[in-house]
Amino acid sequence: MSFQTHVSRRSFLALPAVVPLAVAAPAGKHYPVGLELYSVRDELAKDLPGTVRAVARMGYEVVEFFSPYYAWTTDYAREVRKLMDDLGIRCNSTHNGANSFTPEGIQKAIDLNQILGAKYIVMASAGKVTGLDGWKGVADQLSRAAEKLRPLGMRAGYHNHALEFKPLEGKRPMEVLASNTPKDVMLQLDVGTCVEVGSDPVAWIKANPGRINCLHCKDWAPGEGKGYRVLFAEGDSPWARIFEAAEAVGGVEYYLIEQEGSRFPSMETAQRCLDTWKKMKA
């Protein structure tokens, strides 16, 4: 792989006039905001370095690479790390398939994440899981990974979708994962999917103190053409209460904006979401 040099440019439209109530962080405490790069996957596939540069130029402080990064060579990962260092941004975590957590696959994930400077190797999908016993098997896999990562100063994590908050055999899979993994396994909260199925993200954060070290700030709203396509803070998520809980008890270290799509092009969407974020957290 080699870097491309072209950086596409877009003109971004002005921020919508109505912005939710601002939420200030505790005095002296700064929580970096980043972008899950799945949000701009179309641009990333065409020009990774140009896209990362554009994201940094917007004002994002962190990026999260998703599963295709696992195919990189260590040399390419070093190129990406140099790019991030030059831009002054960080990669705190990566999204991974279950293959990154197998005995034969985890060392490659470790090698790439160490080069990138990432602390968290996050399972973004467990694949097909059957019954609560299947979810206990996923918890075992995360626990084994945590044991391997702990001496390296790294941590395993799990990223939920709607499925993990839907009751199965009388219990939500996320509860199974939380209760059957060590406390240092991060429970990365995808807010929008939690809200969609009617679960309370604030209650979940409070039930798992110190484990919600990162949140995916994706919104959701009912209605045709809405769903996950609404921009950050346009949906039903109670962001002020979420931030308060995450910062008071959740152990949040950084936030990540994520969009699966919207009514705007992906890069403009990322800019609009960040502009709203800055006004909320001013």
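Just so it is clear, the structure is predicted and the values come from calculations on it, not from any experiment.
- Aromatic ring centres of H161 and H216 lie farther apart than the 6.0 Å criterion allows.
- Judged purely by atom type and a 3.5 angstrom limit, S262 uses its side chain to pair as donor or acceptor with the backbone of F264.
- With S67 contributing its side chain and G97 its backbone, the two residues share no donor-acceptor pair below 3.5 Å.
- With 3.5 Å as the limit, one finds a donor-acceptor pair spanning the side chains of R211 and T181.
- Interatomic distance, CD1 of I106 versus CD1 of I110, reported as 4.5 Å (0.5 Å rounding).
- By the 4.0 Å N-to-carboxylate-O rule, R272 lies too far from E234 to be salt-bridged with it.
- Checking side-chain atoms of R53 against main-chain N and O of M84 turns up no donor-acceptor pair under 3.5 Å.
- Looking at every heavy atom in both residues, G250 comes nearest to I205 through CA-CG2, 3.8 Å.
- A salt bridge links E175 with R172: at least one charged nitrogen is closer than 4.0 Å to a carboxylate oxygen.
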side-chain hydrogen bond (donor to acceptor under 3.5 Å, both in side chains) between E64 and S93, worked out: CA-CA 6 Å; E64 184 176 73; S93 51; 2.6 Å; yes
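- Clustering ILVMFWY residues whenever any of their side-chain heavy atoms sit less than 4.5 angstrom apart, transitively, puts I115 in a cluster other than the one holding L149.
- In this structure, K218 is not positioned above the aromatic face of F232 in the sense of NZ or CZ being under 6.0 Å from the six-membered ring centre and within 45° of the axis.
- Scanning both residues, G235 and D219, for their nearest heavy atoms gives N-OD2, 3.0 Å.
- Interatomic distance, Y120 OH to M186 CE, rounded to the nearest 0.5 Å: 6.0 Å.
- Counted by atom type alone, N99 and T102 present zero donor-acceptor pairs between their side chains at under 3.5 Å.
- No donor-acceptor contact under 3.5 angstrom links the side chains of S143 and N180, judged on distance only.
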Stepwise salt bridge (charged side-chain N to carboxylate O under 4.0 Å, His left out) test for K281 and E247: CA-CA 12 Å; K281 299 289 283 182; E247 293 166 17; 2.6 Å; yes
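- Between K46 and E43 a salt bridge is recorded (basic side-chain N to carboxylate O distance below 4.0 Å).
- The nearest pair of heavy atoms linking Q259 to C273 is OE1-SG, 3.5 Å.
- A 6.0 Å sphere centred on NZ of K226 holds no more than 12 heavy atoms belonging to other residues, nucleotides or ligands.
- Counting only N and O atoms by type, the side chains of E61 and Y255 include no donor and acceptor under 3.5 Å apart.
- Using a 4.0 Å cut-off between charged side-chain N and carboxylate O, D85 and R81 make a salt bridge.
- L112 and W72 make their closest contact through CD2-O, 3.9 Å (heavy atoms, listed as atom of the first residue, atom of the second, distance).
- The pair D140-R144 does not count as a salt bridge, with every side-chain nitrogen at least 4.0 angstrom from each carboxylate oxygen.
- The two residues Q141 and A98 come nearest to each other via the heavy atoms NE2-O, 3.7 Å.
- T94 and N96 are linked by a side-chain donor-acceptor pair at a separation below 3.5 angstrom, with hydrogens and angles left out of the test.
- Between W277 and F243, the distance from one ring center to the other falls under 6.0 angstrom.
- Within the 3.5 Å criterion, the main-chain N or O of D190 finds a donor-acceptor partner in the side chain of N160.
- Minimum interatomic distance between G105 and Y70 (heavy atoms only, all atoms of both residues): O-OH, 2.7 Å.
- The ring-ring contact (aromatic ring centres under 6.0 Å, His included) test with Y38 singles out one residue from F66, Y69, F65, and that residue is F66.
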